[in-house]
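Side chains included, hydrogens not; waters and symmetry mates left out as well; all remaining heavy atoms used. When a ligand or atom number is given, it counts from 1 through the structure's own listing order.
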Amino acid sequence: MSNRNISTRSVQIGVGRDEQTGGISFPIYPSATYRHPGVGQSTGYDYTRSGNPTRDVLEQGIADLEGGNRGLVFASGMAALTTLFLHFSAGDHLVLSEDLYGGTYRVLADVFGKFGLSATYVDTTDTAAVEAAITDTTRGLLVETPGNPLLGVSDLEQLGEICRRHEMLFIVDNTFLTPALQMPISFGADVVVHSATKYLGGHSDLCAGVLVAKDAELGERLYMLQNATGAILPPQECWLLIRSLKTLPLRVQRHCETALTVARWLERHPKVEKVFYPGLENHPGHELSQKQAENFGGMLSFRTATADLAARALERLQLISFAESLGGAESLMTLPAVQTHADIPEKERERLGITDTLLRLSVGLEEADDIIADLEQALAD
Ligand SMILES: *Cc1c(COP(=O)(O)O)cnc(C)c1O
């Protein structure tokens with residue numbers, strides 16, 4: 001990681017790397033295979049699953065942004081997580097945030113469960129609860145902070161210390177804040193995960209995933225798993241993601257500003273019972289966020305007075321789209337209980353507070369006044 005500002009490093013990804021033409025935009029290399037100069041010789045590229053020049057530029061770029069040693073990019077966030085979980089063995093146990101992306105829960109329960117990898121979900125904003133869940137076979141902790149969809153904030157430094165003490169892999173899903181706001185490796189994370197479909201891609205037009213390993217040895221092991229199982233990101237998508245990363249810090253800053261404005265407006269709305277946004281002073285993770293992140297991000301959730309009102313508001317939206325996903329230029333709203341978190345058993349959802357009155361809003365890059373006007377008409381009588 002150079003000591004240049006992250007905005008500069010984002011913009012400069014790939015610049016100066018196209019030695020043949022000097023192209024500012026690094027080219028897409030679609031070739032599946034490469035000519036060898038001679039027997040036992042290689043240009044550095046043999047076969048595209050094992051290595052591709054466009055992917056290399058992206059992987060090095062994202063590793064640099066996260067302050068890690070090795071970056072790897074995958075066909076989706078779930079492909080990245082799946083490859084990471086393959087690092088573990090039958091009999092191993094993981095501890096994870098209970099306020100977690102539903103797909104991560106599903107792949108562990110329905111896929112890895114039958115291979116003998118077990119998981120316990122705890123409130124990772126409570127470090128004592130994390131300690132208590134650790135057993136002799138616990139090999140890793142996976143944290144999402146802020147959580148999804150309730151935006152709970154977990155203490156990265158303390159959790160990193162617990163993982164070091166118990167010799168567990170510390171994994172942070174940094175999808176919500178991105179390295180523009182939060183750098184988990186600087187707090188002791190061994191691996192950072194992203195659904196690059198979200199803020200890194202940033203335009204709702206690309207599906208991709210990222211792993212960044214803090215050290216070379218783990219990076220090599222994850223590369224082996226990526227090459228062995230093959231869920232790589234194709235070169236055209238790599239190029240699109242390089243293009244997106246150039247504006248990441250700029251976009252994220254605007255997402256944060258608008259989200260705070262919208263959160264403050266929602267907080268005063270008579271039909272909104274509660275707003276979950278770490279940027280609000282009354283959020284329990286407000287101070288911790290200020291300690292470990294540059295800003296509070298573009299995601300917020302809120303609880304309406306009744307389930308009918310939540311459903312009606314979604315149907316009335318005109319500017320904001322009623323759609324899953326997040327992190328794009330376009331504002332998106334979902335009902336996590338029936339969409340992103342539907343795979344979590346109902347009883348568990350109720351306990352967590354993921355009810356049918358909870359709406360999640362990914363605040364886009366539209367003008368704050370226009371987003372607020374849409375919410376106002378959607379929540380009206
Ligand atoms: C979307 C998401 C994922 C899964 O990523 P895909 O790109 O949809 O496969 C993982 N973690 C978080 C926090 C997400 O929001």
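In Ala208, the part holding a heavy atom less than 4.0 Å from any atom of ligand 1 is the backbone.
Numbered from 1 in the order shown, with element, the atoms of ligand 1 that lie under 4.0 Å from a heavy atom of Ser76 read 7 (O), 9 (O). For ligand 1, the atoms closer than 4.0 angstrom to any heavy atom of Gly77 are 5 (O), 6 (P), 7 (O), 9 (O). Heavy-atom proximity to Thr175, at under 4.0 Å, picks out these atoms of ligand 1: 12 (C), 13 (C), 15 (O). Applying the 4.0 Å criterion to heavy atoms of Glu144 picks out, from ligand 1, the atoms 13 (C).
In Glu348, the CD atom is crowded: over 12 heavy atoms of neighbouring residues, nucleotides or ligands sit closer than 6.0 Å. Within 6.0 Å of CD in Glu346 there are 12 or fewer heavy atoms belonging to other residues, nucleotides or ligands.
A ring-centre distance under 6.0 Å is not found for Phe302 and His269.
For the pair Arg360 (side chain) and Met299 (backbone), a donor-acceptor distance under 3.5 Å is absent.
The nearest heavy-atom contact from the protein to atom 9 (O) of ligand 1 is Met78 N, 2.8 Å. Among protein heavy atoms, atom 13 (C) of ligand 1 sits closest to Asp173 OD2, 3.4 Å. Protein heavy atom in closest approach to atom 15 (O) of ligand 1: Lys198 NZ, 2.7 Å. Nearest non-hydrogen protein atom to atom 4 (C) of ligand 1 is Tyr101 CE2, 3.4 Å.
Using a 30° and 60° split on the angle between ring planes, Tyr121 and Tyr105 fall in the tilted class, from 30° to 60°. The aromatic rings of Tyr34 and Tyr45 are tilted relative to each other, their planes meeting at an angle between 30° and 60°.
For the side chain to side chain donor-acceptor pair (under 3.5 Å) with His166, the qualifying choice from Glu131, Glu161, Arg139 is Glu131, the only one to do so.
Considering each of Ala75, Gly102, Ser195, the one bringing a non-hydrogen atom nearest atom 5 (O) of ligand 1 is Ser195.
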